[in-house]
Trainee: 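One structure, as structure tokens, below. Some questions next.
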Amino acid sequence: MVSIPAVGKLSQAISEGDGISILVQADDAETAGAAERQGADGLVARSGAEAVRATSQLPLLHLGGLAEANGAAADGVVVAVDAAVWDEGRALGLECVVRVTHAEELERALEELDPEIFLLSPRRDEVEDALEALLGLLHDVPAGKLAIAELHDASEHDVAELERAGVDAVLVAAGDVAALVPAEPPDV
């Protein structure tokens, strides 16, 4: 019998709607509240996740460990390509978002875990061409999978380019989020 995983709050928020979703890194209540008021579709926290959750009911993706994510009532957690961590996160009821930085890692994640959501992250040595690196990784993400691009200093132009390429969401640093939220989806 084939089991169909339940659709989580995070994946639902990313996949619904016409445009790209904006996920904002917020490590405190003030930043979370500001991001939500400016139109963010979700929040991402490394620290201060409990305060972020207390401030907002937007989907919350945690960048820390499984225990912290579970304790903060996060909806999802970012994990490496590691079957044991993947299994433990899913057992806790968390949506596991697999961070990948290169094509071989993405291929290994597909073979070992078959995740529904990927966090495409540029390698530290590719910071100058981060957008190009992310677009290159996107080509290896199979249809039907969700892709979040990690581009903290994304501009309106970058967000539009990622959306045209088929990225489902972009993880950005806190700031002028309203400027990044597309008024309408671009022509594809």
Trainee: Which pairs count as side-chain hydrogen bond (donor to acceptor under 3.5 Å, both in side chains) when at least one residue sits in residues 69-83, sequence neighbours excluded?
Mentor: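 Every pair satisfying side-chain hydrogen bond (donor to acceptor under 3.5 Å, both in side chains) with a residue in residues 69-83: R53-D75.
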Trainee: Under the side-chain hydrogen bond (donor to acceptor under 3.5 Å, both in side chains) test, which residues partner E104, sequence neighbours left out?
Mentor: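 With neighbours one apart ignored, the set is H102.
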Trainee: Under the salt bridge (charged side-chain N to carboxylate O under 4.0 Å, His left out) rule, collect the residues that match up with E50, sequence neighbours excluded.
Mentor: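 If we apply the salt bridge (charged side-chain N to carboxylate O under 4.0 Å, His left out) test to E50, skipping adjacent residues, there are no hits.
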Trainee: Sequence neighbours left out, what passes side-chain contact (heavy atoms from CB on, under 4.5 Å) with A51? Give chain and number order.
Mentor: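 A51 satisfies side-chain contact (heavy atoms from CB on, under 4.5 Å) with A29 only.
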Trainee: By salt bridge (charged side-chain N to carboxylate O under 4.0 Å, His left out), which residues pair with R37, not counting sequence neighbours?
Mentor: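 R37 satisfies salt bridge (charged side-chain N to carboxylate O under 4.0 Å, His left out) with no residue once adjacent residues are dropped.
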Trainee: Suppose we screen for side-chain contact (heavy atoms from CB on, under 4.5 Å). Which residues come up paired with A35, at least two apart in sequence or across chains?
Mentor: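 For A35, the residues satisfying side-chain contact (heavy atoms from CB on, under 4.5 Å) (neighbours in sequence not counted) are V24, A40, L43.
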Trainee: The criterion is side-chain contact (heavy atoms from CB on, under 4.5 Å); which residues satisfy it with E156, sequence neighbours excluded?
Mentor: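 Once residues adjacent in sequence are excluded, the partners of E156 under the side-chain contact (heavy atoms from CB on, under 4.5 Å) criterion are A179, L180.
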Trainee: Mind checking what makes side-chain hydrogen bond (donor to acceptor under 3.5 Å, both in side chains) contact with R46, not counting sequence neighbours?
Mentor: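 None.
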Trainee: Checking S47 now: which residues fulfil side-chain contact (heavy atoms from CB on, under 4.5 Å) with it, not counting sequence neighbours?
Mentor: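 For S47 the side-chain contact (heavy atoms from CB on, under 4.5 Å) partners, ignoring immediate neighbours, are D27.
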Trainee: Would you kindly confirm whether V100 and I117 end up in one hydrophobic cluster when ILVMFWY residues are joined by side chain heavy atoms under 4.5 Å apart?
Mentor: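 They do not share one cluster, since no chain of ILVMFWY contacts under 4.5 Å joins V100 to I117.
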Trainee: With sequence neighbours left out, which residue pairs that include part of residues 54-64 fulfil the side-chain hydrogen bond (donor to acceptor under 3.5 Å, both in side chains) condition?
Mentor: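 Sorted result for residues 54-64: E36-S56.
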Trainee: Please table the atom pairs, donor to acceptor, closer than 3.5 Å between any side-chain atom in residues 141-153 and protein atoms at least two apart or in another chain.
Mentor:
unit_1: K145; atom_1: NZ; unit_2: D114; atom_2: OD1; d: 2.6
unit_1: K145; atom_1: NZ; unit_2: P115; atom_2: O; d: 3.0
unit_1: E150; atom_1: OE1; unit_2: R99; atom_2: NH2; d: 3.1
unit_1: E150; atom_1: OE1; unit_2: S121; atom_2: OG; d: 2.4
unit_1: E150; atom_1: OE2; unit_2: R99; atom_2: NH2; d: 3.3
unit_1: E150; atom_1: OE2; unit_2: H152; atom_2: NE2; d: 2.9

Trainee: Would you give me the side-chain donor-acceptor pairs under 3.5 Å for residues 171-178, sequence neighbours excluded?
Mentor:
none

